[in-house]
Amino acid sequence: MPRRYDPERRQRIIDAAIRVVGAKGIAGLSHRTAAAEADVPLGSTTYHFKTLDELLVAALRQANEGFAKVVAGRGGLEDPRTDLAAELAGWMGEWLAGDRTGVELEYELYLAALRRPALRPVAAEWAEGVAELLSRRTDPVTARALVAVVDGICLQVLLTGVPYDEAYAREVLGRVVAGASESGVRESGVRESGVRE
């Protein structure tokens, strides 16, 4: 019997892997569990993803798109008059208020990079991508600091179960942005006078 052409099979396997990780954690994901969840033969998963790490990379890439969609949907970074701290706090609020399972899954995959080196480049892509977006409004060091604060606040919310506090996030992020502005003013004063304060 000839093999049926199924152009969506690879995507169905990725979606199935995400559902398995969401339900059972990364430890519950295997080629076999992904195949069962996707309702495809086991050989299909190994055909499209030779190793479990390849499947996890594809799942993490897709999960990363969730935050990117929130960022793109809001579009506040394009306007220089937008309060950067408030915009970031709003992003987090919208992201955390959405499908919580998806956010938890994204962080579970993200943190799996600690033990699975194959995932590290994809995890780094996310952080670098967000920092690049933020660099349009601030310097690269501050952009990376803001990404670290966003990560930290989101992890605290996920791990403690405490509701997201947008005002707190805005305050903390605002301090990072203000600190960068003050540092820039001090540095320009040093450059102009040639003397350190």
Side-chain angles (χ1 to χ4, degrees), residues 14-29 56-79 82-181:
I14 295 169
D15 293 340
I18 288 172
R19 288 193 301 274
V20 169
V21 172
K24 301 176 182 177
I26 288 181
L29 181 64
L56 283 167
V57 164
L60 180 55
R61 268 218 168 86
Q62 183 164 311
N64 281 348
E65 292 171 4
F67 189 73
K69 285 179 184 171
V70 169
V71 172
R74 289 181 61 96
L77 281 183
E78 305 308 319
D79 185 351
T82 301
D83 179 333
L84 183 57
E87 184 66 16
L88 280 172
W91 285 359
M92 285 191 287
E94 192 173 321
W95 191 46
L96 290 166
D99 176 20
R100 187 65 166 249
T101 304
V103 176
E104 289 171 3
L105 167 74
E106 187 166 344
Y107 269 100
E108 186 166 355
L109 288 167
Y110 187 61
L111 293 173
L114 291 171
R115 301 263 185 245
R116 293 180 175 268
L119 295 178
R120 289 179 189 159
V122 184
E125 283 172 19
W126 178 87
E128 289 164 9
V130 176
E132 187 178 314
L133 278 172
L134 297 176
S135 291
R136 297 176 188 169
R137 295 283 307 278
T138 187
D139 64 278
V141 172
T142 303
R144 288 194 349 248
L146 290 168
V147 170
V149 171
V150 166
D151 260 348
I153 291 173
C154 287
L155 275 173
Q156 285 177 356
V157 169
L158 293 173
L159 294 173
T160 63
V162 173
Y164 173 65
D165 183 344
E166 190 167 326
Y168 165 77
R170 188 172 50 250
E171 173 72 20
V172 172
L173 291 162
R175 289 179 184 198
V176 173
V177 172
S181 298

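This structure is a prediction, so every number in the text was calculated from the model and none was measured.
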Any side chain to side chain donor-acceptor pair (under 3.5 Å) pairs touching residues 18-28, not counting sequence neighbours?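 Output for this query lists Arg19-Glu37.
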Not counting sequence neighbours, list each pair that qualifies as a side chain to side chain donor-acceptor pair (under 3.5 Å) and has a residue in residues 150-170.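 Those involving residues 150-170 are Tyr107-Asp151, Tyr110-Asp151.
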Please find the pair of heavy atoms, one from [X] and one from [Y], that lie closest to each other, and give the distance.
X      : Y      : value
Ala123 : Ala113 : CB-CB, 4.2 Å
Ala131 : Ala143 : O-CB, 3.4 Å
Leu173 : Val150 : CD2-CG2, 4.3 Å
Ala89  : Ala169 : CB-CB, 4.1 Å

Pair listing, salt bridge (Lys or Arg N to Asp or Glu O under 4.0 Å) test, anchored in residues 135-146, at least two apart: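 Only Glu78-Arg136 qualify under salt bridge (Lys or Arg N to Asp or Glu O under 4.0 Å).
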Report yes if the side chains of Val57 and Leu119 come closer than 4.5 Å at any heavy-atom pair, otherwise no.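 Yes, side chains in contact.
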In the structure I gave you, are the side-chain heavy atoms of Thr138 and Val176 within less than 4.5 Å of one another anywhere?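 No, too far: nothing below the 4.5 Å cut-off.
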Distance (rounded to the nearest 0.5 Å) between Trp91 CH2 and Leu133 CG: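 It is 5.5 Å, given to the nearest 0.5 Å.
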To the nearest 0.5 Å, how far apart are CD in Gln62 and CD1 in Ile18?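 Here the interatomic distance stands at 4.0 Å.
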Decide yes or no on side-chain contact (heavy atoms from CB on, under 4.5 Å) for Leu134 and Leu84, but give the supporting numbers first. CA-CA 9 Å; Leu134 297 176; Leu84 183 57; 4.0 Å; yes
Flag if over 12 foreign heavy atoms under 6.0 Å of CD, Glu125: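 Yes, the 6.0 Å shell around CD holds more than 12 heavy atoms from other groups.
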Can you name the residues that form a side chain to side chain donor-acceptor pair (under 3.5 Å) with Arg120, not counting sequence neighbours?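 For Arg120, no residue satisfies side chain to side chain donor-acceptor pair (under 3.5 Å) once neighbours in sequence are set aside.
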Side chain to side chain donor-acceptor pair (under 3.5 Å) with Glu128: which residues, sequence neighbours excluded?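 Applying side chain to side chain donor-acceptor pair (under 3.5 Å) to Glu128 gives none.
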With sequence neighbours left out, what residues match Glu104 under side chain to side chain contact (heavy atoms under 4.5 Å, CB included)?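 Result, side chain to side chain contact (heavy atoms under 4.5 Å, CB included) vs Glu104: Arg100, Leu158.
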Could you tell me whether the side chain of Glu108 and the main chain of Ile26 form a donor-acceptor pair under 3.5 Å?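 Yes; judged by distance alone, with no hydrogens or angles, the pair exists.
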